[in-house]
Undergrad: 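Following this message is one structure expressed as structure tokens.
This chain uses plain numbering: 1 for the first residue, then up along the sequence.
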Amino acid sequence: MRISYAHGLHKPNDNDKYMPTLIIPNGDLKPLHQAVASAVTGEWGEKGVERFKKGLIKNPILAGDSKSAHDKEGNLKEGLGPDVSFIRPWSKNPIKVFGPDVLPMDAQEVQSGWWGYAVLTPFAWHNDESGDGIGFWISMWQHVKEDETIGGGFTANPDDFFSKETVSTDGDCEVGSGGAADLFG
């Protein structure tokens, strides 16, 4: 899986949930489909299977080009598209992160766009307003491969912004007297 919103591994959202987004190539969805089917039948039996097929039980696996895959302006979010699907698993606790060597890793080092494996547990839920659905809890993430950063990550090269010439700190430096007003004339 490819991770997006990697900060969700270590930083809770406004609802105090740790919630990265995991992007899955469509050819690799079989284990997730099996987990969802197992959760549906475990909670609602055969009647649940029929309800799920009719869309009456919310599926946690979202199409990479669905409405949920677009931002408020209607643009497709980076890393998503018709060849992938995604899930939004969550945890009440920071998610344990491991490196390729299965040794603990600082979750803050993981970048959106990197690849890895997640330990997921499907669960059934009910909400009086939203109805029924299946979700995934996430407890661990193993980083296995770096890739191009996605989701707004920006790594700057200092050489692109700062001069290599020696900057003098001697002499007078004039500062405007109007504060922020000087910026706007």
Undergrad: Can you name the one residue among Asp28, Leu32, Ile23 that meets side chain to side chain contact (heavy atoms under 4.5 Å, CB included) with Met1?
TA: Leu32
Undergrad: Other members of the hydrophobic cluster containing Val102, with the 4.5 Å side-chain heavy-atom rule, please.
TA: none
Undergrad: In chain order, what residues pass the salt bridge (Lys or Arg N to Asp or Glu O under 4.0 Å) check against Arg88, with sequence neighbours excluded?
TA: none
Undergrad: Between the side chains of Asp147 and Trp114, does any donor sit under 3.5 Å from an acceptor?
TA: no
Undergrad: Decide whether Ile61 and Ile57 are clustered together by the hydrophobic rule: side chain heavy atoms of Ile, Leu, Val, Met, Phe, Trp, Tyr closer than 4.5 Å, transitively.
TA: yes
Undergrad: Grouping I, L, V, M, F, W and Y whenever their side-chain heavy atoms are under 4.5 Å apart, do Leu80 and Leu62 come out in a common cluster?
TA: yes
Undergrad: Can you confirm whether Ile87 sits close enough to Ile138 that some side-chain heavy atom of one is under 4.5 Å from a side-chain heavy atom of the other?
TA: no
Undergrad: Does one hydrophobic cluster hold both Phe136 and Met19, with members joined at side-chain heavy-atom distances below 4.5 Å?
TA: no
Undergrad: Do Leu22 and Val97 share a hydrophobic cluster (ILVMFWY, side-chain heavy atoms under 4.5 Å, transitive)?
TA: yes
Undergrad: Please determine if Asp132 and Lys58 form a salt bridge, counting it only when a charged side-chain N lies under 4.0 Å from a carboxylate O.
TA: no
Undergrad: Please find the pair of heavy atoms, one from Ser85 and one from Ala63, that lie closest to each other, and give the distance.
TA: OG-CA, 4.2 Å
Undergrad: Quick one: are Phe86 and Ser66 in side-chain contact, heavy atoms under 4.5 Å?
TA: yes
Undergrad: Clusters formed by hydrophobic residues whose side-chain heavy atoms approach within less than 4.5 Å: which one holds Val119, and what are its other members?
TA: Phe98, Met140
